[in-house]
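Down below is the structure, laid out as structure tokens.
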Amino acid sequence: MEGSCKGRRREPEGSLDCSSLEFEYNDSDHLSAELSELYSYTEEPDLILNRRCFEERFRLQGGEVRWITLDPAQHRTHVMRLLDELEVVVREKRLSAARAILYLAQGVFGECETESDVLRWSRYNCFLLYQTGTFAVFLELLNMEIANSQACSKALRKPALSLADSTELRVFLSVMYLLVENIRQQLPEDDTEWKTQRETFRSELAFPCNGEEPFAHLIFTMVTKFCSGHSPHFPMKKVLLLLWKVLLFTLGGFSELQSAKEQKRAEVGLPPLSEDCIQVVKNMKATAPPSYGIELGEPQKRGRRSRKDSLDLYNEKDPFKSEESTGAEEEETEDSENMMDTESDIQERDLMSQPLSALRSNMERVYFPKGLPWAPKVRYGNYCIIVSEKNVSVDL
């Protein structure tokens, strides 16, 4: 679920409506936002390093050759050469070749002039990388890094971790994330070959061959190892983003869920759904959450607390306010709050002493929150009124 918030104005205290809040309730945001979500500000030097690793190998082509000027056959040849370097024994050379491939998946931004060009070349390169078997190679590298017990024990001995402890994992996960997200996106201008490759890739992720586990299961394993404390160096942001995209790609989004519901209902002879809950939610008015969690449970105390906070703010701004007067005012405020709390306790005891018939006669004063704006699945039910930690069931 993605959205954007802009043009939001400050609402008066106690109001939950925010008409100027723009939010799109959907499976994901637009492509550029989803790709930028992968990186953090601390990874900016990695972008320059990725470009350098690619250009050092690409200069071997001779002259001032640029990637965007080559034909598809030359692109494929260079990618195969980079994949061969991933099989060398030296760890540093493997990482350098992986960074060069990551630069391709990022859209060779050093040769592009606009953001649209970067997105277009990133999409083209990701389909090219998938055609050459890049995802399968990086899956093997990821499995090797997950099973690297030396890196895990090293991370456990460190009092504080840094980005250097997860360099290889971040590169591998970034390449796989870009491949999944670019191939998952459907555009009207996609040709038949790309559409076929998209369906093939989806099947490979959801139903692997040769008795292997699904790719999502591997990512879930990384989450488990991180949460158990055995692998604290795992970059969980990239792990969770990749897991989200894989599940969205293999299982589908809101529209696929609605289609599956309708299909299952038709198979068992149930009537079709009268409405789509997701479409109803998309048309709902945006709301702003309360400023404090206490606003929902204790409105009276919230008012007293906000008044006390404003007095404290005034005292901080007054340079001539003496400490003695401040202490006296604090004691007076505490006494008044205690008196008001005592009065509220007496009112609660009086309310509890009333019989159930009196509660029913005063039901118009009981606030029932509004339900969701779609048809309920049940017609009748019992509502529960909570009165001072005691439940009274009332049939409506």
Side-chain angles (χ1 to χ4, degrees), residues 31-32 35 38 46-90 92-142 171-205 208-209 215 245 249:
L31 180 59
S32 59
L35 297 183
L38 180 64
D46 292 342
L47 300 176
I48 303 176
L49 183 57
N50 298 339
R51 178 181 177 181
R52 185 186 309 159
C53 292
F54 173 82
E55 292 178 347
E56 288 176 355
R57 289 162 174 77
F58 198 63
R59 288 196 188 99
L60 299 177
Q61 300 289 338
E64 297 295 332
V65 181
R66 304 177 65 190
W67 175 266
I68 61 177
T69 60
L70 299 181
D71 55 40
Q74 293 173 318
H75 290 160
R76 190 181 186 90
T77 301
H78 187 70
V79 170
M80 296 302 297
R81 187 181 295 112
L82 292 176
L83 292 178
D84 291 338
E85 293 189 32
L86 291 177
E87 299 180 0
V88 298
V89 179
V90 182
E92 289 75 13
K93 291 184 178 180
R94 290 203 311 268
L95 179 59
S96 180
R99 287 188 177 277
I101 294 178
L102 177 57
Y103 177 72
L104 286 177
Q106 291 171 343
V108 288
F109 50 85
E111 302 179 11
C112 299
E113 297 180 356
T114 62
E115 181 182 348
S116 60
D117 292 338
V118 175
L119 295 177
R120 180 170 58 86
W121 278 104
S122 175
R123 185 175 172 80
Y124 167 80
N125 292 337
C126 285
F127 273 97
L128 175 64
L129 292 173
Y130 172 71
Q131 295 172 9
T132 55
T134 303
F135 190 87
V137 174
F138 273 81
L139 180 58
E140 295 180 0
L141 295 175
L142 180 62
V171 173
F172 301 157
L173 292 172
S174 297
V175 172
M176 303 175 86
Y177 177 87
L178 292 173
L179 285 173
V180 172
E181 181 60 16
N182 276 291
I183 297 177
R184 184 188 69 86
Q185 297 281 347
Q186 301 182 15
L187 298 181
E189 60 269 18
D190 291 347
D191 54 17
T192 306
E193 184 181 1
W194 281 13
K195 294 179 181 178
T196 304
Q197 293 174 4
R198 180 181 299 110
E199 296 302 323
T200 305
F201 190 28
R202 179 188 287 111
S203 301
E204 291 177 355
L205 292 177
C209 57
F215 182 62
K245 295 302 181 180
F249 188 26

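Only a predicted model underlies this, so the values are computations on that prediction, with no experimental measurement involved.
- Of all heavy-atom pairs between Ala97 and Leu86, the closest is CB-CD2, 3.9 Å.
- Tyr103 places no side-chain N or O within donor-acceptor distance of the main-chain N or O of Glu55, the cut-off being under 3.5 Å.
- Rounding to the nearest 0.5 angstrom, the gap separating the SG atom in Cys53 from the CG atom in Asp46 is 10.0 Å.
- Thr134 pairs by the side chain to side chain contact (heavy atoms under 4.5 Å, CB included) definition with Val79, Leu83, Ile101, Leu129, Thr132, Phe138, not counting sequence neighbours.
- Under the ring-ring contact (aromatic ring centres under 6.0 Å, His included) criterion, Phe249 pairs with Phe201, not counting sequence neighbours.
- In this structure Tyr124 satisfies the ring-ring contact (aromatic ring centres under 6.0 Å, His included) test together with His75, Trp121, sequence neighbours excluded.
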Problem - Evaluation steps, side-chain contact (heavy atoms from CB on, under 4.5 Å), between Leu128 and Leu104 - result: CA-CA 10 Å; Leu128 175 64; Leu104 286 177; over 6 Å; no
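- A heavy-atom distance below 4.5 Å is not found between the side chains of Val108 and Phe58.
- Side chains of Leu102 and Phe54 form no contact here, defined as non-hydrogen atoms less than 4.5 Å apart.
- Listed by first and then second residue, the salt bridge (Lys or Arg N to Asp or Glu O under 4.0 Å) pairs involving residues 119-140 are Asp117-Arg120, Arg123-Asp190 (not counting sequence neighbours).
- Listed by first then second residue, pairs satisfying salt bridge (Lys or Arg N to Asp or Glu O under 4.0 Å) with a partner in residues 173-188 read Glu181-Arg184, Glu181-Lys245, not counting sequence neighbours.
- Atoms NZ and CG, from Lys195 and Leu187 in turn, are 10.5 Å apart once rounded to the nearest 0.5 Å.
- When side chains are defined from C-beta on, Met80 does not count as touching Thr77, because their heavy atoms never get closer than 4.5 Å.
- The shortest heavy-atom contact between Arg99 and Asn50 is NH1-OD1, 2.8 Å.
- Partners of Val118 according to the side chain to side chain contact (heavy atoms under 4.5 Å, CB included) rule, which considers only residues two or more places apart in sequence or in another chain, are Phe109, Cys112.
- Not counting sequence neighbours, the partners of Gln106 by the side-chain hydrogen bond (donor to acceptor under 3.5 Å, both in side chains) test are Tyr39.
- Side chain of Arg198 to backbone of Gln185: a donor-acceptor contact under 3.5 angstrom is found.
- Ser122 approaches Ala105 most closely through the heavy-atom pair OG-O, 2.5 Å.
- In this structure, CG in Leu49 is found 7.5 Å from OG in Ser96, a value given to the nearest 0.5 Å.
- Legend: residues meeting side chain to side chain contact (heavy atoms under 4.5 Å, CB included) with Thr192, ordered by chain and number and at least two apart, are Thr196.
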Exercise for the section: Could you walk me through whether Asn182 and Phe127 pass side-chain contact (heavy atoms from CB on, under 4.5 Å), step by step? Expected result: CA-CA 8 Å; Asn182 276 291; Phe127 273 97; 5.6 Å; no
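- Residues satisfying the side chain to side chain contact (heavy atoms under 4.5 Å, CB included) criterion with Glu115, sequence neighbours excluded, are Ser32, Leu119.
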Problem - Residues Arg57, Glu85; criterion side-chain contact (heavy atoms from CB on, under 4.5 Å); working and verdict - result: CA-CA 11 Å; Arg57 289 162 174 77; Glu85 293 189 32; 2.8 Å; yes
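- Every side-chain hydrogen bond (donor to acceptor under 3.5 Å, both in side chains) that Glu193 has, sequence neighbours left out, goes to Gln197.
- With sequence neighbours left out, the side-chain hydrogen bond (donor to acceptor under 3.5 Å, both in side chains) criterion links Glu199 to Arg202.
- How far CG of Leu141 is from CZ of Phe172: 4.5 Å, rounded to the nearest 0.5 Å.
- Legend: residues meeting side-chain hydrogen bond (donor to acceptor under 3.5 Å, both in side chains) with Ser203, ordered by chain and number and at least two apart, are absent.
- To the nearest 0.5 Å, atoms OH (Tyr177) and SG (Cys126) are separated by 11.5 Å.
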Practice task
Determine, stepwise, if the pair Ile183 / Phe135 fulfils side-chain contact (heavy atoms from CB on, under 4.5 Å).
Solution key: CA-CA 12 Å; Ile183 297 177; Phe135 190 87; over 6 Å; no
